[in-house]
Asker: 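One structure coming up, written as structure tokens, with questions to follow.
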Amino acid sequence: MKKQWWHDKVAYQIYPKSFCDSNGDGIGDLQGIISKLDYLKELGVDILWLSPIYCSPLADQGYDISDYYNIDPRFGTMQDMDELLAEAKKRDMYILMDLVVNHCSDEHEWFQKACQDPDGKYGKYFYIEDVKDGKLPCNWRSYFGGSVWDKLPGHENKYYYHAFHKKQPDLNWENPQVREEIYQMINWWLDKGLAGFRIDAIINIKKVLPWRDFVVDQPEGLSHISNMLKEATGVGEFLGEMRDRTFKPHNAFTVGEVFNEKPEELADFIGDDGYFSTKFDFSTTIFGGSPKGWYDRKKITAEDYKHCCFESQKKSEGIGFLSNIIENHDEPRGVSHYLPDGEVNDTGKKMLATLQFFLKGLPFLYQGQEIGMENYPFQSIEEVDDISTLDEYQLARNAGLTPEEAIKAVGCMSRDNARTPFQWNAGTNAGFTSGTPWLHVNPNYKQINLASQKNDPDSVYSYYRSLISLRKNEKYRETIVHGRLTPVWEDHHNLMAFYRTGPKQTLLVIANYQKDSQTVTLEHDVQNVLINNCSDLKLHDRTLLLEGYQAVVLELSV
Ligand code: GLC
Ligand code: CA
């Protein structure tokens, strides 16, 4: 595997709508982000990924783009964007935008024109089919519920395809003109000085054609899209072309949101000449999913977490470099999801952070993760904005859950958990806005906020800072970034441990992933303690007693 400039970096995802509001309209914006660049720099972050800020009706919070070449006025202007690029550059920081090209918005000019003239040029930008006797072209279920087919506005017998919401019509990648439009747009942004992109939902660009039904997997008679994706072949032709026409000539950094790729294709995706620089490891986030819906999910345990992480490490070893996360804007807060109820405390939060930073890969923080932000305590569906949660709530209700049971079952998975405003301080609206925030602030903001953690050496924030600075420490960098990862004591219940071996040293990472203490016997002497999330290290000879959720990183004498 070739070494790349970005391997030793730290990345951070900003969800602009909820990060910082500069003008009091309750919506975070580009000037808000600019005002926090110094904060992010001080934290040690190098690469910033911005969730979409293009013009959008915000039906799916910007993942429905109506103009790829302009900034939505709610987020600012193109001048603000240019300012952000320039200010980031001054600080040696890199900006990534979100590339959402599986679909656009139904309010995009292309779709509007397609509705006016489905047989004309723009009709071919989408998947539009004639429907006779109400028989849809296929029985696939869209990700946000219901059929992938909806009536083309203004036409009785024509339907268009959308893998996500009906306001997100899929672009027809089989049409070379569409691909040209997309490459042109990508190059336009890269020429402006973007470092690259996070690439949204990209596996969906290739469909099994001609349309046909797949196995019905739920009583409503539809089939999950993943059934189709398993049989779709040829996505690589599109992705290779996109890489060669855009990313490669710009030496751009790209991180793919890739689900459902075929295992043997990993090298094609993130190998040395892959379609993307890296992809997110979603093995822990997708764990326990049920075709019935969130209400039927299996909760992930410490053992599951360990196996997911090690499995991903093994699969990518020598092939490519993963991007590691504990949360993002589509997931619950990692600390609430991966720590058992009642055990979400600072020690546990720091343990998860340690694992994320010492697994091999590029760590991506999500805004608020660095202060240990937690899930929102949803009491009723009225508090929910996210379209996906609304659908999942309905599924739970249809399955017979009461409203109380349903909100309890889906609230903990809601995408809104991560979308509540960043908690800057204990003041009004957690310092996010002087107006009314578009989404409620988590009521725990008086206890959990940046201002109270910034100068506290024991805070979650300070812990993240020390993890980041260790990753950049000249002495250990090579081992932390590129060192071989070898799991150890895998059968040891609720213990996740591994060696990282580099040319200069061997590190041992140990996490006691439970509330009770436990002991391990080390195979080597300890030379140095690099990280410890508890105040003590109870080491006698080679016997180490770990407190509940204690995590340590030890430099060994080998
Ligand atoms: C990705 C995004 C998600 C969005 C979906 C459709 O999964 O992360 O937020 O809803 O794609 O664009
Ligand atoms: Ca604003």
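Just so it is clear, the model here is predicted, and its values are computed rather than measured. First listed ligand is number 1; within each ligand, the first listed atom is number 1.
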Asker: Counting from 1, what ligand 1 atoms have a heavy atom of His329 closer than 4.0 Å?
Answerer: 2 (C), 3 (C), 8 (O), 9 (O)
Asker: I'd like to know if Asp38 pairs up with Arg91 as an ion pair, taking the criterion as any Lys NZ or Arg NE/NH1/NH2 lying under 4.0 Å from an Asp or Glu carboxylate oxygen.
Answerer: yes
Asker: Would you call Glu237-Lys206 a salt bridge at under 4.0 Å N-O?
Answerer: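 Salt bridge: no.
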Asker: Does the distance from a Lys or Arg side-chain N to an Asp or Glu carboxylate O, for Glu241 and Arg179, drop under 4.0 Å?
Answerer: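 Between Arg179 and Glu241 there is a salt bridge, with a charged N closer than 4.0 Å to a carboxylate O.
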Asker: Select the closest option to atom 5 (C) of ligand 1 among Tyr15, Phe164, Phe280, judged by heavy-atom distance.
Answerer: Phe164
Asker: Using the ring of Trp188 (Phe, Tyr or Trp, six-membered ring only), decide whether Lys192 places NZ or CZ under 6.0 Å from its centre and within 45 degrees of its axis.
Answerer: yes
Asker: Run the numbers for me: atoms of ligand 1, each under 4.0 Å from some heavy atom of His103, listed by number.
Answerer: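 Those of ligand 1 that fall under 4.0 Å from His103 are 6 (C), 12 (O).
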Asker: Tell me, please: is Tyr143 in heavy-atom contact with ligand 1, that is, under 4.0 Å?
Answerer: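 Contact check Tyr143 vs ligand 1: negative.
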Asker: Is the contact between Arg198 and ligand 1 made by the side chain, the backbone, both, or neither, using heavy atoms and a 4.0 Å cut-off?
Answerer: side chain
Asker: Assess the side chains of Asp281 and Ser312: does a donor N or O sit below 3.5 Å from an acceptor N or O?
Answerer: yes
Asker: Salt bridge check, Arg333 against Glu327: does any charged N sit closer than 4.0 Å to a carboxylate O?
Answerer: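 A salt bridge links Glu327 with Arg333.
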Asker: Between Phe253 and Phe247, is any pair of side-chain heavy atoms under 4.5 Å apart?
Answerer: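 Result no, sub-4.5 Å side-chain heavy-atom pair not found.
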Asker: Looking at ligand 1, would Gln61 count as a contact under a 4.0 Å heavy-atom criterion?
Answerer: no
Asker: Give the residue, atom name and distance (to 0.1 Å) of the protein heavy atom nearest atom 4 (C) of ligand 1.
Answerer: Asp60 OD2, 3.2 Å
Asker: Nearest protein heavy atom to atom 11 (O) of ligand 1, by residue and atom, and its distance?
Answerer: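 Answer, as residue, atom name and distance: Asp200 OD1, 2.8 Å.
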Asker: Any carboxylate oxygen within less than 4.0 angstrom of a Lys/Arg side-chain nitrogen, looking at Arg415 and Asp60?
Answerer: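 Yes, charged N to carboxylate O under 4.0 Å.
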Asker: In terms of residue, atom name and distance, what is the protein heavy atom nearest to atom 7 (O) of ligand 1?
Answerer: Glu257 OE2, 2.7 Å
Asker: Take the Ca ion (ligand 2) and tell me which protein N, O or S atoms are nearer than 3.0 Å.
Answerer: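 Correct list: Asp21 OD1, Asn23 OD1, Asp25 OD1, Ile27 O, Asp29 OD2.
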Asker: With heavy atoms only and a cut-off of under 4.0 Å, state how Phe144 meets ligand 1: side chain, backbone, both or neither.
Answerer: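 The side chain, only.
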Asker: Less than 4.0 Å is my threshold; does some heavy atom of Arg415 fall inside it relative to ligand 1?
Answerer: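 Judged by the 4.0 Å heavy-atom criterion, Arg415 does count as contacting ligand 1.
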Asker: Less than 4.0 Å between a side-chain N and a carboxylate O, is that true for Arg419 and Asp385?
Answerer: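 No, Asp385 and Arg419 are not salt-bridged.
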Asker: Output yes when Glu174 and Lys207 qualify as a salt bridge under the 4.0 Å nitrogen-oxygen rule, no when they do not.
Answerer: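 Answer for the salt bridge query: no.
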Asker: Can you pull out the closest protein heavy atom to atom 9 (O) of ligand 1? Residue, atom name and distance to 0.1 Å, please.
Answerer: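 Among all protein heavy atoms, the one nearest atom 9 (O) of ligand 1 is Asp330 OD1, 2.6 Å.
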Asker: Is any NZ, NE, NH1 or NH2 atom of the basic residue among Lys279 and Glu257 found under 4.0 Å from an Asp or Glu carboxylate oxygen of the other?
Answerer: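 No, no charged N to carboxylate O under 4.0 Å.
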Asker: Is it true that the NZ or CZ of Lys17 lies under 6.0 Å from the centre of Trp438's six-membered ring and within 45 degrees of the ring axis?
Answerer: yes
